[in-house]
K.L.:
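Have a look at the structure that comes next, please.
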Number of protein chains: 2
Amino acid sequence: MQLRVQTTTRSAACGPPGHEAPSSSADDGLEAVHALGMRRSIERGRQIYGDGDAADHWFRLLSGTACAVKLRADGRRQITAFLQPGDYFGFEAAIEYGFAAEALTDLELIRYPRARTEVLARTDAGIAHRFREIAHRSLDAAQRRLLMLGLMSAPERVASFLLEQFERSADGQVIHLAMSRADIGDYLGLTLETVSRAISVLKRAGLISVPNRRAICILDRDGLEELAEGEAL
Amino acid sequence: MQLRVQTTTRSAACGPPGHEAPSSSADDGLEAVHALGMRRSIERGRQIYGDGDAADHWFRLLSGTACAVKLRADGRRQITAFLQPGDYFGFEAAIEYGFAAEALTDLELIRYPRARTEVLARTDAGIAHRFREIAHRSLDAAQRRLLMLGLMSAPERVASFLLEQFERSADGQVIHLAMSRADIGDYLGLTLETVSRAISVLKRAGLISVPNRRAICILDRDGLEELAEGEAL
DNA sequence: CGTTGCGTTGATGCTTGTCAACGAACGTGG
DNA sequence: CCACGTTCGTTGACAAGCATCAACGCAACG
């Protein structure tokens, strides 16, 4: 029997950082930075930047969904983050990007020139501070994912993933998935078949329902959380 | 047949951030910060801080080895980072620490009061910038570990771990391990038995030798790298 | 109305976890 | 200094979980 020390709702961020409202001119102390941003539209399936490209810019997603992805020589693929409106990315790269960013849907983003924003950050402590917050949030998210990949079983990972999506993009009780089962698998370190089976298990357990292939309805959120926290199924 | 695009030595950092020389008064732009630090000694096995403690301080390791560790309700354990001299840690926590830090050996560290260093960072853009570098390095390290846990097999992980240790703490060709097999397992998302078996495999393959239980000698570094990059064994 | 892509499900095998025994190193106390 | 117990690492036998291979169903699209 365990005391449940933290029943608090886990912090909403899960893609790299987060900022809830994707407004491009939030009064968040970054006005001088936002002034440097260029709005862009990217269509589904296209790369935003490639692994190894010169990291001249960093980005903020306005609408749509993207992912950060690393491809290995043998074809294995790891998605390190799903990105949603409000998320910053490409931020941690100093010289070259360490992975690619791809559009999972048509999307809009703002592109910031690194050199010029760096100049701002070097002279304006407020901006530097906000940038650091963003980096810390990304780090926090990455560490949560370490725990997921390091010590969760397949159903636990899927439950955890669904809760993550639920926190971030819930529309009532329904999650709309922008990504395929294969993408989810590459995110969770599983195969697409294992993801599919785990979803079926959750469905049979009455925790979720699956109205169609790209939507999932959360029926028992507490049940999902217990599963994700390791209280077994 | 694959072209080897990046034969460049991977960046040395692997624990959170990194700064090669563990001098406490490096002229790195942090003099005003270092002035706030309190030197401490911690003995082997003791906790530096606990999961959920108020994050009043952050730390820099001067000597010895520590680890950042998360314990789950069911007893499963994940080590998110091994910390070596020069590493900063406890940096990303805003209010509470998200995991514990433990001393694997007797060690010395410097403890910085968060509130006071935050004040400095808010007014001094140079310090804020250095802090951001530290956060970015931690993030970069965490993302490399995501790849490890997400898509490497057991022998690949162990090879990757040994190379990591080799980069950071090599003494000639020999690595001295401050941690047990169980700790390595908790770091790699494997059991101690699997770690032990993987080490035996590497030994039989002639890539390493194991003079004693806490030392490992790198015999074929390129072979280890090929294995870690997925060129099979 | 066929084609194509995606998701589901089943059968099977490999990798890793689990349980257990053994052995080597270390520390303690006689 | 040696006998002892304790801890840690290694190895083996077996089980479980997940990956792989393959077939099938369903929906979207031309």
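Here the structure is a predicted model, which is why all the values come from computation and not from measurement. Residue numbers start from 1 in every chain, and the chains themselves are labelled A, B, ... in the order their sequence lines are given, proteins ahead of strands.
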K.L.:
Are B:E164 and B:R168 ion-paired here, with the side-chain N under 4.0 Å from a carboxylate O?
P.N.:
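Salt bridge absent between B:E164 and B:R168.
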K.L.:
Send over the distance from A:L177 CG to C:dC6 P, rounded to a whole Å.
P.N.:
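Answer to the nearest Å: 15 Å.
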K.L.:
Can you tell me how far P of C:dC6 sits from CG of A:L104, to the nearest Å?
P.N.:
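It is 13 Å, rounded to the nearest whole Å.
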K.L.:
If the threshold is 4.0 Å, N to carboxylate O, is there a salt bridge linking B:E226 and B:R221?
P.N.:
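A salt bridge is absent here (no side-chain N lies under 4.0 Å from a carboxylate O).
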K.L.:
Could you check how far CG of B:L149 sits from P of C:dT16, rounded to whole Å?
P.N.:
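Whole-Å distance recorded here is 13 Å.
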K.L.:
May I ask you to say what B:R157 touches in the nucleic acid, namely base, sugar-phosphate or nothing, with a heavy-atom cut-off under 4.0 Å?
P.N.:
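Result for B:R157 = nothing.
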K.L.:
What's the CG-P distance between B:L188 and C:dT15, to the nearest Å?
P.N.:
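After rounding, the gap between these two atoms is 18 Å.
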K.L.:
Give me the ring orientation class for A:Y112 and A:W58: parallel if the planes are under 30° apart, tilted from 30 to 60°, perpendicular past 60°.
P.N.:
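Geometry flag for A:W58 against A:Y112: parallel rings.
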K.L.:
Please report the distance, rounded to the nearest Å, between CE in B:M179 and P in D:dG9.
P.N.:
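Atom CE in B:M179 sits about 11 Å away from atom P in D:dG9.
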K.L.:
Can a salt bridge be assigned to the pair B:R77 and B:D183 using a cut-off of 4.0 Å between side-chain N and carboxylate O?
P.N.:
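The answer is yes: the pair qualifies as a salt bridge.
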K.L.:
Tell me: CG of B:L151 to P of C:dT16, nearest whole Å?
P.N.:
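Those two atoms, CG and P, are 13 Å apart.
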K.L.:
Angle between the two end axes of the helix from C:dC1-D:dG30 to C:dG30-D:dC1, five base pairs per end, rounded to 10 degrees?
P.N.:
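For the helix from C:dC1-D:dG30 to C:dG30-D:dC1, the axes at either end differ by 30°.
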K.L.:
Can you check side chain to side chain contact (heavy atoms under 4.5 Å, CB included) on B:V69 and B:Q78, steps first, answer last?
P.N.:
CA-CA 6 Å; B:V69 58; B:Q78 174 76 26; over 6 Å; no
K.L.:
Would you please classify the geometry between the A:F89 ring and the A:F59 ring as parallel, tilted or perpendicular, with 30° and 60° separating the classes?
P.N.:
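A:F59 and A:F89: parallel rings.
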K.L.:
Test B:F166 against B:Q173 for side chain to side chain contact (heavy atoms under 4.5 Å, CB included), laying out the working first.
P.N.:
CA-CA 8 Å; B:F166 182 71; B:Q173 298 295 81; 3.9 Å; yes
K.L.:
Would you mind reading off the distance between A:R181 atom CZ and C:dT9 atom C1', rounded to a whole angstrom?
P.N.:
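In whole Å, C:dT9 C1' lies 14 Å from A:R181 CZ.
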K.L.:
Listed by chain and number, what are the ring-ring contact (aromatic ring centres under 6.0 Å, His included) partners of A:H136, not counting sequence neighbours?
P.N.:
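If we apply the ring-ring contact (aromatic ring centres under 6.0 Å, His included) test to A:H136, skipping adjacent residues, the hits are B:F91.
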K.L.:
What is the separation between atom CD1 on B:I184 and atom P on D:dC8, rounded to the nearest whole Å?
P.N.:
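So the CD1-P distance, B:I184 to D:dC8, works out to 13 Å.
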K.L.:
Contact class for A:R76 (heavy atom, under 4.0 Å): base, sugar-phosphate, or nothing?
P.N.:
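Since no nucleic acid heavy atom lies under 4.0 Å of A:R76, the category is nothing.
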K.L.:
Step by step, work out the side chain to side chain contact (heavy atoms under 4.5 Å, CB included) result for B:F161 and B:L190.
P.N.:
CA-CA 12 Å; B:F161 166 76; B:L190 301 170; over 6 Å; no
K.L.:
Would you give a per-nucleotide map of nucleotides 15-30 of chain D, 5' to 3', where B means the base has a protein non-hydrogen atom under 4.0 Å away, S means only the sugar-phosphate does, and - means neither?
P.N.:
---SSBB---BB----
